[in-house]
Amino acid sequence: PILRLKGHYLAVATLGFGLLIAITLANEAAWTGGPDGMPVPRLMLFGWRIAGAATWYWITATTFLLGAVVALNLIDFSDRFFLVRIKGEEELGLYAIGMRISAALLFVLAAFRTAWPAFAYSLPEDEAKRTYGFVLTYVTFFASWAAVALGLCSPWIIHLLTTPDFYGGAHVVPVLVFAFVVFGMYIVVVTSIGRAGRRGSNWMITGAAALFNVALNLILIPPFGMTGAAISMVASYFAMFLGITWKAQRVFPVQYQWRRVALAIGAAVALVVTGKVVHGGLAAAIGLTALYPFVLAGVGFYLPQERAR
């Protein structure tokens, strides 16, 4: 019958019903614990008693870290998940070969990722802000140079390591290697957030990049196949890098040398595109790779003290 009430009568009835609930919770001590509330046992995790601010801090930090790791793995593997379902196992096999050749750069970056934080955290704040800027520039320089080498020489590397059925995997290497260049830049910049102790929202940025990657895979793989998957990886890594850089500059501002970073990547992309258009053979690929530091000299990449050396 109360559901048929309208206007002021409904408001009064609702208020009275709320008072009845409050009185019941306060008086029925046998069921609810009365005014003291119901007893709740201490939270235990695998026999470990969870109590104290420090414990909850580490639990929260670990949860956020796991969220970021899951998001990064989603970016790394969602392309293959969609590729095999949309284009089939043959396309996936070619893409996997291209990924393994490109991952040679990731192997080097993994070593840098292990060593870099300990050094980065040991620097005084003023020195760190200057050093981080140069480290980003040099990581981009060497990673881009390696990307030129792998992107241009990948057909001969794949011919040496595989059979003719997998030669087509070389087509995606020139794109995939630049995803790992961006990942190397991400490794440098994200350290600023760790130094400031503000990792909490990293998982939101990496999660958004992972969702962006899934959306791009669904859009680009049907028309472009493994090339679309490679483009989606580059774009999602770049989106993640932009998000992390935005946050890092808010919590620990660093004067990064963006002009030099752009020149390093731009020269590498230009050389790879030139090599693919010219089709000059292995000698031309090696020559263009060796030309990379000289191209940078021509566009004003090096500082006066670097040229003096």
Side-chain angles (χ1 to χ4, degrees), residues 67-106 109 140 143-144 146-148 150-155 157-158 162 165-187 189 202-246 261-262 265-266 268-277 279:
V69 170
V70 169
L72 282 172
N73 279 277
L74 181 60
I75 294 175
D76 289 340
F77 295 106
S78 68
D79 49 359
R80 276 152 281 186
F81 175 83
F82 290 111
L83 193 60
V84 71
R85 283 159 177 76
I86 297 174
K87 289 296 183 177
E89 294 183 357
E90 181 177 352
E91 189 94 354
L92 176 63
L94 296 176
Y95 184 78
I97 291 297
M99 179 64 74
R100 290 188 179 185
I101 300 301
S102 305
L105 177 55
L106 183 61
L109 289 172
T140 306
S144 297
V148 174
L150 289 172
L152 292 179
C153 298
S154 57
I157 297 174
I158 290 181
T162 67
D165 292 338
F166 296 99
Y167 288 173
H171 296 314
V172 295
V173 175
V175 181
L176 287 174
V177 285
F178 286 99
F180 297 130
V181 171
V182 177
F183 183 67
M185 297 163 62
Y186 163 87
I187 293 172
V189 173
N202 285 11
W203 68 273
M204 298 176 64
I205 296 173
T206 53
L211 293 176
F212 181 56
N213 177 258
V214 170
L216 284 180
N217 280 323
L218 292 173
I219 294 171
L220 297 178
I221 289 178
F224 302 112
M226 61 181 181
T227 302
I231 293 172
S232 70
M233 175 169 279
V234 175
S236 56
Y237 269 129
F238 186 66
M240 181 177 66
F241 171 73
L242 289 179
I244 287 293
T245 301
W246 171 79
V261 169
I265 296 177
V269 172
L271 286 173
V272 171
V273 171
T274 300
K276 293 302 178 182
V277 171
H279 294 294

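Note that the structure is a prediction, hence the values are computed from the model and not measured. The first residue of the sequence shown is numbered 1, and numbering continues consecutively from there.
Side-chain contact between V181 and Y237 is absent, with no heavy-atom pair separated by less than 4.5 Å. S144 places none of its side-chain heavy atoms less than 4.5 Å from the side chain of M185.
Taking OG from S78 and CE from M233, the interatomic distance works out to 7.0 Å, rounded to the nearest 0.5 Å. From I205, atom CD1 reaches atom OG1 of T245 across 9.0 Å, with rounding to the nearest 0.5 Å. From L150, atom CG reaches atom CZ of F178 across 10.0 Å, with rounding to the nearest 0.5 Å. The CD1 atom of I221 sits 11.0 Å away from the CZ atom of R80 when rounded to the nearest 0.5 Å. One finds the CG atom of N217 at 8.5 Å from the CG atom of L83 (value rounded to the nearest 0.5 Å).
For S154 against K276, the heavy-atom pair with the smallest separation is OG-NZ, 4.2 Å. Among all heavy-atom pairs drawn from L105 and V177, the shortest one is CD2-O, 3.7 Å. In terms of heavy atoms, S102 sits closest to G98 at OG-O, 2.9 Å. Nearest heavy-atom pair, F212 versus A235, reported as atom, atom and distance to 0.1 Å: CE2-O, 3.8 Å. What you find for I86 and P222 is that their closest heavy atoms are CG2-CA, 4.0 Å. Nearest heavy-atom pair, L216 versus S232, reported as atom, atom and distance to 0.1 Å: CB-CB, 3.5 Å.
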### Message
If you apply the rule side-chain contact (heavy atoms from CB on, under 4.5 Å), what do you find for L94 with V172, and how did you get there?
### Response
CA-CA 9 Å; L94 296 176; V172 295; over 6 Å; no
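Screening V269, V272, L152 for a side-chain contact (heavy atoms from CB on, under 4.5 Å) with P174, the sole residue that qualifies is V272. Between Y95 and the choices M226, R100, E90, K87, the side-chain contact (heavy atoms from CB on, under 4.5 Å) rule is met once, by M226.
Qualifying ring-ring contact (aromatic ring centres under 6.0 Å, His included) partners for Y167, counting only residues two or more places apart in sequence or in other chains: H159. Listed by chain and number, the residues in a side-chain contact (heavy atoms from CB on, under 4.5 Å) with I97 are I158, T162, F166 (sequence neighbours excluded).
The distance between the ring centers of F183 and Y186 falls below 6.0 angstrom.
Other residues, nucleotides and ligands contribute at most 12 non-hydrogen atoms within 6.0 Å of the CZ atom of F238.
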